[in-house]
Amino acid sequence: MGKGVDDYLLKVVGAGGEMSALLEQRFAGTLNNSPLVEILSGGVNGVKTLTPPAGMLAVVHSLGGNHELTDSIKYASSAVDRLVRAAESIGATPAGMANVIDAREGKADLILPFADGLVERANHFRLPVLNGELAVLGDRMNADANVSVTMVSFIPKNANLPVTEIPSYFIQNGVRFAVFDPAGKPIYMNSDGVGTKTDIYERAGTHDLAFIDSLAMKLDDLVKIGAEARVVSDVVETNSRKDVEVLGRSFMGLGFAGIRGASDLIYTIQHEFTGNRLRPTKDGRFTYNVSGSSISTVDENRLNNPLKPSAGEYLIAVRGRLPNGRSNGFTDMRKVMTQMLEDDWHETEIGRRFISEYLGNPSDVFYPTFRSMIDRGLATSVYHMSGGGFDGKLSKPLAKHGLFVEVQGLFSPHNVALEIAKYRNTGNESSYAKWPMGNPGFITTNYIDDSLCMLEESGFEGRVVGLLEKSKEGLTGVRLKGVMNSRCEPVYYSGRN
């Protein structure tokens with residue numbers, strides 16, 4: 001690791017991993033609250049789903065807690081109370097929920113009270129907490145944490161809803177609801193947010209680009225299990241009561257018309273004023289945060305044939321047209337920019353260049369293309385470099401299947417990423433562990449030509465970078481040939497804890 005530079009890995013990724021396990025344990029007991037819950041794979045982190053009752057539509061909405069409450073437990077509890085009241089106001093029956101906890105620090109004594117508040121109300125209403133996400137936002141937060149909670153409810157198909165077709169969305173009493181027919185398929189929920197990258201968009205004045213990151217984080221996660229996205233439901237927290245138009249919209253299609261699993265996708269954005277719970281870069285400036293959950297369905301064939309990589313398959317690196325850092329590691333990048341150019345670094349020539357060339361570019365949304373490649377039998381597994389780089393997001397999944405790959409010929413990192421790493425004296429081992437370094441996505445496949453052709457048709461560039469092998473001489477995970485560590489050896493991540 002680079003000297004004095006990787007507190008991000010220790011405080012954010014490290015704390016997040018440890019705390020995520022504690023939160024998972026807190027929420028696990030609530031799964032007994034509903035007979036509709038089914039675990040579709042073994043282990044603590046199995047695929048937790050809701051089985052929709054016959055003759056029912058699924059209704060989705062998201063809300064935060066009452067920002068006026070300073071007690072952590074009461075604040076988190078209020079989010080669940082608000083969600084239940086909203087569901088019941090339209091005649092829907094609450095069935096399950098997922099959440100994001102955006103914390104100031106990764107300390108258990110600060111974070112667990114929010115989980116306890118969610119759990120208490122979940123048990124009170126006999127609701128399961130199906131999934132959750134923890135993010136450490138550091139200086140973006142004044143409060144110990146904010147919560148964004150998404151609820152799935154069921155309502156009879158003959159209910160009198162203010163929509164003319166299904167799927168669709170509507171607004172009632174200021175709450176945005178999405179409604180779709182799950183057609184009896186298990187419902188899966190996963191949660192994520194944009195993290196501290198919103199600071200970049202605030203400085204650039206391109207606030208709406210955060211929604212692309214939010215979609216990428218959630219959609220590119222759910223496609224890894226072959227799920228079909230139906231709704232993405234976000235909470236946009238702001239320190240302004242003004243419901244900025246771009247921060248309070250709902251729409252369908254997302255520009256992916258004609259691609260299975262995306263053409264009827266609904267995206268709802270729920271605006272929440274949070275008072276001074278968020279911290280702007282300067283007093284008086286507008287600030288915001290984006291977190292939420294996606295709701296998808298998984299068909300029986302996919303459940304019986306889960307995506308997995310195998311020895312003898314090829315690893316293809318994937319990148320889009322605009323170089324970007326996904327939505328990961330921006331706590332560290334922002335710190336570098338401030339150290340280099342002081343607080344208002346975005347007003348300098350270098351700062352503007354870094355934003356326009358790299359920092360301010362939104363994430364690639366791989367979901368529609370990856371979904372199509374899976375459906376056509378081209379991709380056997382898919383990966384995206386967010387919430388951790390090559391170590392957590394590529395080596396660990398491969399090691400889980402007892403696989404090893406010697407990677408060579410990767411796309412080169414963008415100059416901005418290299419300059420930031422150089423300034424912080426961050427070596428390759430740390431850089432590739434936490435950042436995409438020019439390679440934001442990967443697939444495994446048996447069909448090189450067809451896969452590369454489809455990626456190109458979809459606006460992506462692909463490159464074969466390795467051949468998967470069974471554990472080789474005790475090695476699992478990923479070794480990056482030509483990417484050297486401080487000992488002049490190829491960077492290696494075993495993928496084993």
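- By the 6.0 Å contact criterion, CG on Asn305 is enclosed, its count of non-hydrogen atoms from other residues, nucleotides or ligands being greater than 12.
- Going from atom CE of Met385 over to atom CG of Asn324 covers 12.5 Å, rounded to the nearest 0.5 Å.
- Applying the side-chain hydrogen bond (donor to acceptor under 3.5 Å, both in side chains) rule to Tyr493 yields no partners; only residues at least two apart in sequence or on another chain are considered.
- Looking at Glu237 and Tyr288, their side chains never come closer than 4.5 Å, going by heavy atoms from C-beta outward.
- Between His61 atom NE2 and Ser153 atom OG the span is 5.5 Å, to the nearest 0.5 Å.
- A donor and an acceptor atom, one from each side chain of Asn239 and Thr287, are nowhere located under 3.5 Å apart.
- Aromatic ring orientation, Phe286 versus His207: perpendicular (interplanar angle above 60°, classes split at 30° and 60°).
- For the pair Tyr492 and Val478, the tightest heavy-atom approach, listed with the atom from each and the gap, is CD1-O, 3.2 Å.
- Expressed to the nearest 0.5 Å, how far CD of Glu202 lies from OG1 of Thr281 amounts to 6.0 Å.
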Quiz prompt | Candidate pair Phe27 and Leu130, rule side-chain contact (heavy atoms from CB on, under 4.5 Å), full reasoning | solution = CA-CA 8 Å; Phe27 295 137; Leu130 294 164; over 6 Å; no
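- The backbone N or O of Gly292 lies less than 3.5 Å from a partner atom in the side chain of Asp234, making a donor-acceptor pair.
- For the pair Arg140/Arg279, no side-chain contact is recorded, criterion being any heavy-atom separation below 4.5 Å from C-beta on.
- Ser214 contributes no side-chain N or O that, together with a main-chain N or O of Phe211, makes up a donor-acceptor pair within less than 3.5 Å.
- Counting only distance, with no hydrogens or angles, the side chain of Asn131 and the backbone of Met189 share a donor-acceptor pair below 3.5 Å.
- Every residue two or more places apart in sequence or in another chain that forms a salt bridge (charged side-chain N to carboxylate O under 4.0 Å, His left out) with Arg334 is listed here: Asp139, Asp199.
- For the pair Leu394/Leu315, a side-chain contact is recorded, criterion being any heavy-atom separation below 4.5 Å from C-beta on.
- Between Asp332 and Arg424 there is a side-chain heavy-atom pair separated by less than 4.5 Å.
- For Met56, the side-chain contact (heavy atoms from CB on, under 4.5 Å) test picks out Pro53, Phe154, Pro156, with sequence neighbours left out.
- A 4.5 Å side-chain heavy-atom check between Ile374 and Arg302 finds at least one atom pair inside the cut-off.
- Remark: Glu272 engages Arg82 in a salt bridge, criterion side-chain N to carboxylate O under 4.0 Å.
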Quiz item: Are Asn289 and Asn146 close enough, and set up right, to give a side chain to side chain donor-acceptor pair (under 3.5 Å), and what steps lead you there?
Solution: CA-CA 10 Å; Asn289 183 51; Asn146 285 353; over 6 Å; no
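- Considering Ser291, Ser293, Ser148 as possible partners of Val235, the one that fulfils the side chain to side chain contact (heavy atoms under 4.5 Å, CB included) test is Ser148.
- Heavy-atom minimum distance, Ser233 versus Thr268: OG-OG1, 3.3 Å.
- The two residues Pro397 and Tyr383 make their nearest non-hydrogen contact at CB-CE2, 3.6 Å.
- Looking only at distances, no side-chain donor or acceptor of Thr476 sits under 3.5 Å from a matching main-chain atom of Gly402.
- The backbone N or O of Leu378 sits less than 3.5 Å from a side-chain atom of Thr445, completing a donor-acceptor pair.
- Two residues are said to be in side-chain contact when any heavy atoms from C-beta on lie closer than 4.5 Å; Val223 and Val382 meet this criterion.
- Remark: His384 engages no residue in a ring pair (Phe, Tyr, Trp, His ring centres under 6.0 Å) (not counting sequence neighbours).
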Practice problem: Determine, step by step, whether Phe366 and Leu219 satisfy the side-chain contact (heavy atoms from CB on, under 4.5 Å) criterion, reporting the C-alpha distance in whole Å, the side-chain angles of both residues, the deciding distance to 0.1 Å, and the verdict. | Solution: CA-CA 8 Å; Phe366 294 122; Leu219 296 178; over 6 Å; no
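- A distance-only check finds no donor-acceptor pair linking the side chain of Thr49 to the backbone of Tyr188 [under 3.5 Å].
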Practice problem: Verify salt bridge (charged side-chain N to carboxylate O under 4.0 Å, His left out) between Lys48 and Glu24, making sure each step is shown before the conclusion. | Solution: CA-CA 12 Å; Lys48 300 176 283 291; Glu24 185 75 25; 3.1 Å; yes
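- Minimum interatomic distance between Phe404 and Leu475 (heavy atoms only, all atoms of both residues): CB-O, 3.5 Å.
- Looking at every heavy atom in both residues, Pro309 comes nearest to Ser381 through CB-OG, 3.6 Å.
- Side-chain atoms of Leu278 and Thr238, non-hydrogen and from C-beta on, never get closer than 4.5 Å to each other.
- Side-chain N or O atoms of Gln270 include one that pairs as donor or acceptor with a backbone N or O of Gly174 at under 3.5 Å.
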Practice problem: Start with the C-alpha distance between Val84 and Met151, add both sets of side-chain angles, then the distance that settles side-chain contact (heavy atoms from CB on, under 4.5 Å), and finish with yes or no. | Solution: CA-CA 8 Å; Val84 170; Met151 180 168 285; 3.9 Å; yes
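- To the nearest 0.5 Å, atoms CG (Leu50) and OG1 (Thr297) are separated by 12.5 Å.
- Distance check: Lys107 NZ to Asp144 CG gives 10.0 Å after rounding to the nearest 0.5 Å.
- With hydrogens and angles ignored, the 3.5 Å screen pairs a side-chain donor or acceptor of Ser327 with a backbone N or O of Val194.
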Quiz item: Would Phe180 and Ile295 satisfy side-chain contact (heavy atoms from CB on, under 4.5 Å), going step by step from the backbone distance to the final call?
Solution: CA-CA 10 Å; Phe180 70 96; Ile295 295 81; 3.8 Å; yes
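- With sequence neighbours excluded, the residues that form a side-chain contact (heavy atoms from CB on, under 4.5 Å) with Ser77 are Ile73, Glu120, Arg121.
- Ion pairing of Lys396 with Asp391 is absent here, as no side-chain N (NZ or NE/NH1/NH2) approaches a carboxylate O to less than 4.0 Å.
- A cation-pi arrangement is present between Arg277 and Tyr75 under the rule of less than 6.0 angstrom and at most 45 degrees off the ring axis.
- Every residue meeting the ring pair (Phe, Tyr, Trp, His ring centres under 6.0 Å) condition with Phe390, not counting sequence neighbours, appears here in chain and number order: Tyr432, Phe442.
- Of the candidates Val318, Asp220, Asp364, Asp364 is the only one forming a side chain to side chain contact (heavy atoms under 4.5 Å, CB included) with Pro440.
- In this structure, OG1 on Thr331 lies 7.5 Å from CG on Leu137, to the nearest 0.5 angstrom.
- Ile155 has its side chain within reach of Leu161: a pair of non-hydrogen atoms, C-beta onward, lies under 4.5 Å apart.
- Between Arg176 and Ile269, the closest heavy-atom pair is CD-O, 2.9 Å.
- A distance-only check finds no donor-acceptor pair linking the side chain of Glu228 to the backbone of Ser296 [under 3.5 Å].
- At distances below 3.5 Å, at least one donor-acceptor pair connects side-chain atoms of Lys218 with backbone N or O atoms of Asp192.
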